[in-house]
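Input: a single structure, listed below in C-alpha cells.
All of these numbers come straight from a predicted model, not from anything done at the bench. These numbers come from the heavy atoms of this one structure, side chains and all, not from hydrogens, waters or symmetry mates.
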Amino acid sequence: MARLFGTDGVRGVAGQDLTAALALDLSVAAARVLTERRAGRRPVAVVGRDPRASGEFLEAAVVAGLASSGVDVVRAGVLPTPAVAHLTGELGADFGVMLSASHNPARDNGIKFFAEGGQKLADALEDEIEGMLGVPSNPAVGEDVGRVSDATDGAERYVEHVVGSLKNRLDGLKVVVDCAHGASSTVAPEALRRAGAEVVTIGDAPDGHNINQGHGSTHLDALQEAVRLHGADAGIANDGDADRCLAVDSEGRVVDGDQILAILATELKEAGELAEDTLVVTVMSNLGLKLAMKREGITVAETAVGDRYVLEEMKRGGFALGGEQSGHVILLDHATTGDGVLTGLSLMAAVARRGQGLAELAKVMTRLPQVLVNVPDVDRTRVNDSERLWEAVREAEAELGETGRVLLRPSGTEPKVRVMVEAPEEGQARATAEKLAEVVRTELS
C-alpha cells in the first residue's frame with residue numbers, strides 16, 4: 001500500500017480522500033504517538049487551519065479525536081502554517097496540527113502535524129502514527145477527557161514575533177501584499193504596517209472557496225499589475241497557508257525563491273549571522289544561485305527536493321538559512337518551518353537597509369535559463385543502470401562546462417523521468433534537454 005503521509009502531511013480532496021472519519025482517526029493515532037502524560041497536567045495540542053470551507057468540519061473532527069483521547073486542545077483558528085508552528089513552541093504544547101493544502105485549490109485539504117517546539121515530524125513518527133490507524137484504543141472518560149479552548153491572541157503573538165525579528169524598520173517603503181485569499185490575509189498586512197511600510201493589500205477576502213484562485217505565489221499576474229498600478233516599491237505574494245513567499249520588483253519583474261535566498265544569504269553573511277557561511281538549497285535551485293554564492297564566499301549545501309529535506313540538513317549542520325526556488329524559505333533563527341510572512345518582512349528590511357530597489361538587490365545573482373522536459377511512459381527504476389544514458393549525460397555536461405548542468409529526476413510515483421538542463425542560453429538548454437530526453441525514451445522504454 002502507498003504511504004498515507006506525503007512530503008507535507010496527509011493531503012487529498014476533502015470529503016473524498018480526506019474524510020472526517022480519517023481526520024478523527026489520525027488525531028487519535030497522533031495523540032497516542034506524540035503525547036507523554038506529565039505529572040499534574042494533560043497533554044496539550046494547538047490546532048490551526050487555513051480558511052478553506054472544508055477546514056471547518058476537519059477541525060471539528062480533529063478536535064473531537066484529540067479531546068476524546070485526553071488531550072487539551074487550543075484552537076488557534078485561521079492562521080498561517082508557520083504561525084501554528086510558532087504557537088506550538090511558544091505555548092509549550094506537546095504537538096500542533098495544521099489543516100491546509102497550501103497552494104492547492106480549495107477542494108483539497110491536508111493535515112500536518114508538528115512535534116513539540118513546532119518542529120516538523122520525522123518520517124519515523126509519521127509512520128508510527130500511520131501504523132496506529134485502526135488499532136483499538138481506550139478513550140478518555142470523565143475527568144480525563146480533554147478540554148477545548150480558543151487562542152484569541154494567536155495572531156497577535158505571531159505578528160509580534162515576526163516583526164520583532166527585524167533589525168530595521170520599513171519606513172518609506174510602499175509594498176503590495178497578495179495573501180492568496182488565504183491564511184495570511186490578516187497577519188501579513190498587519191505585520192508589514194507595524195514594521196513601518198505603507199501597505200496595499202490584494203487577495204485578502206477569503207470566502208472558503210477562493211483560496212489560491214487567481215492570486216498568491218502561484219498566480220503572480222494580479223500582484224504585478226497592482227505593483228505597477230500603485231507605484232509600489234515591491235510586491236510580496238504568499239500561498240494559501242503562507243509558508244511560501246515570492247516577490248516582484250517595482251516594474252513587476254518576478255523575484256523567485258532563489259533570488260530571495262541569494263539576497264538574504266548575503267545580508268546574513270555581512271551581519272555575521274550566516275552560520276558556517278552556508279546556504280542550504282535543493283538540487284532544483286538555479287545554477288546562477290550557486291555561482292553567485294561562490295563569488296560571495298558562501299558555501300552551498302544541496303538536498304533532495306522538498307523543504308523537509310532542506311530543514312533536516314539545516315538542523316544537521318546548524319545552518320541558519322535554506323529554502324527552495326518555489327519560495328519556501330527557512331530562517332531557522334526565527335522559525336521552525338518555511339515562513340512566507342517572515343521572509344517577506346526580511347526581504348523588505350534588506351531593501352530598506354540598503355536604500356536600493358529590489359531589482360538592484362536581485363542582481364546579486366543571474367538566473368540561467370532552465371528547461372525541464374518530462375519523459376512519460378518509461379521505466380524510471382532503470383535510470384541508474386543505463387550506462388548509455390549516463391554517458392550521454394557526461395557528454396552534455398562536458399559541452400556545458402561550469403556554466404551549465406544536467407539533472408535527471410525519476411518521478412517518485414509515476415512512470416516518468418524529468419530531464420532538467422541549465423545553460424547560458426535558453427536555446428542551448430532546450431536543445432540539450434530534448435537530446436537527453438530522446439536518449440531516456442530510447443534506453444528506458
Side-chain angles (χ1 to χ4, degrees), residues 2-3 6-8 102-104 217-220 244 246 254-262 279-294 300-310 312-313 322-328 365-445:
R3 188 172 186 265
T7 56
D8 206 19
S102 191
H103 57 283
N104 285 25
S217 60
T218 53
H219 304 280
L220 292 173
R244 293 189 190 191
L246 293 181
V254 175
V255 178
D256 70 10
D258 283 341
Q259 291 170 297
I260 292 171
L261 286 167
L279 170 66
V280 182
V281 300
T282 77
V283 293
M284 289 301 291
S285 277
N286 194 278
L287 179 60
L289 171 61
K290 297 163 192 176
L291 295 174
M293 294 299 93
K294 183 178 181 180
V300 174
E302 283 189 340
T303 75
V305 176
D307 64 318
R308 68 183 302 146
Y309 303 114
V310 172
E312 285 173 6
E313 177 64 14
E324 298 184 284
Q325 192 178 70
S326 61
H328 278 121
M365 69 164 279
T366 299
R367 283 185 294 188
L368 296 183
Q370 190 178 74
V371 173
L372 180 66
V373 177
N374 291 315
V375 187
D377 303 320
V378 293
D379 186 353
R380 59 187 172 88
T381 65
R382 292 170 46 212
V383 167
N384 292 332
D385 300 326
S386 174
E387 180 56 35
R388 172 68 190 95
L389 176 56
W390 287 105
E391 181 183 341
V393 169
R394 288 191 291 271
E395 290 174 358
E397 289 176 330
E399 291 177 7
L400 295 171
E402 291 187 356
T403 56
R405 69 175 179 132
V406 174
L407 178 66
L408 296 186
R409 287 185 58 224
S411 169
T413 57
E414 301 175 84
K416 177 190 298 183
V417 173
R418 299 178 176 91
V419 179
M420 191 275 283
V421 176
E422 289 173 332
E425 302 294 334
E426 183 171 357
Q428 183 185 16
R430 187 163 300 282
T432 303
E434 292 290 357
K435 182 178 178 181
L436 288 172
E438 187 55 40
V439 177
V440 171
R441 290 187 193 97
T442 301
E443 294 297 313
L444 304 184
S445 293

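Atom CE of M420 sits about 3.5 Å away from atom CZ of R405, to the nearest 0.5 Å. Here H103 contributes atom NE2 and H328 contributes atom NE2; the two are 7.5 Å apart, rounded to the nearest 0.5 Å. Once rounded to the nearest 0.5 Å, the distance linking CG of D307 with OG of S326 reads 7.5 Å. Distance CG/L436 to CD/E395: 9.0 Å, rounded to 0.5 Å. Taking OG1 of T432 as the start and CG of L400 as the end, the distance is 5.0 Å to the nearest 0.5 Å.
Nearest heavy-atom pair, G306 versus E324, reported as atom, atom and distance to 0.1 Å: N-OE2, 3.0 Å. Among all heavy-atom pairs drawn from V383 and P410, the shortest one is CG2-CG, 3.8 Å. In terms of heavy-atom proximity, V406 sits nearest to A396 at CG2-CB, 4.0 Å. Closest of all the heavy-atom pairs between G323 and V310 is N-CG1, 3.5 Å. The two residues A437 and V375 have their closest heavy-atom pair at CB-CG2, 3.7 Å. Looking at every heavy atom in both residues, A423 comes nearest to P369 through O-CD, 2.9 Å.
In this structure, K294 has no side-chain contact (heavy atoms from CB on, under 4.5 Å) partners at least two apart in sequence or on a different chain. Under the side-chain contact (heavy atoms from CB on, under 4.5 Å) criterion, A301 pairs with T278, V280, E313, sequence neighbours left out. The side-chain contact (heavy atoms from CB on, under 4.5 Å) search around H219 returns none, not counting sequence neighbours.
With R418 as the fixed residue, the side-chain contact (heavy atoms from CB on, under 4.5 Å) test singles out one of L407, V373, L372: L372. In summary, of the residues considered (V378, D379, N384), a side-chain contact (heavy atoms from CB on, under 4.5 Å) with T381 occurs for D379 alone.
With hydrogens and angles disregarded, a donor-acceptor distance shorter than 3.5 Å links the side chain of D256 to the backbone of Q259. Proximity of a side-chain donor or acceptor of R244 to a complementary backbone N or O of G327 within less than 3.5 Å is not detected.
For residues 433-445, the salt bridge (Lys or Arg N to Asp or Glu O under 4.0 Å) pairs, not counting sequence neighbours, are E438-R441. Pairs engaging residues 381-392 under the salt bridge (Lys or Arg N to Asp or Glu O under 4.0 Å) rule: E387-R394 [sequence neighbours left out].
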When the side chains of residues 282-291 are checked against the rest of the protein, which donor-acceptor pairs come out under 3.5 Å, sequence neighbours left out?
from, atom 1, to, atom 2, distance (Å)
T282, OG1, M284, N, 3.1
S285, OG, D258, OD1, 2.9
N286, OD1, G288, N, 2.7
N286, OD1, L368, N, 2.9
N286, ND2, L368, O, 2.8
N286, ND2, E422, OE2, 3.4
K290, NZ, E302, OE2, 2.2

Please step through side-chain contact (heavy atoms from CB on, under 4.5 Å) for the pair V255 and L246, ending with a clear verdict.
CA-CA 6 Å; V255 178; L246 293 181; over 6 Å; no
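Side-chain contact between V421 and Q428: absent, with no pair of heavy atoms (C-beta onward) separated by less than 4.5 Å.
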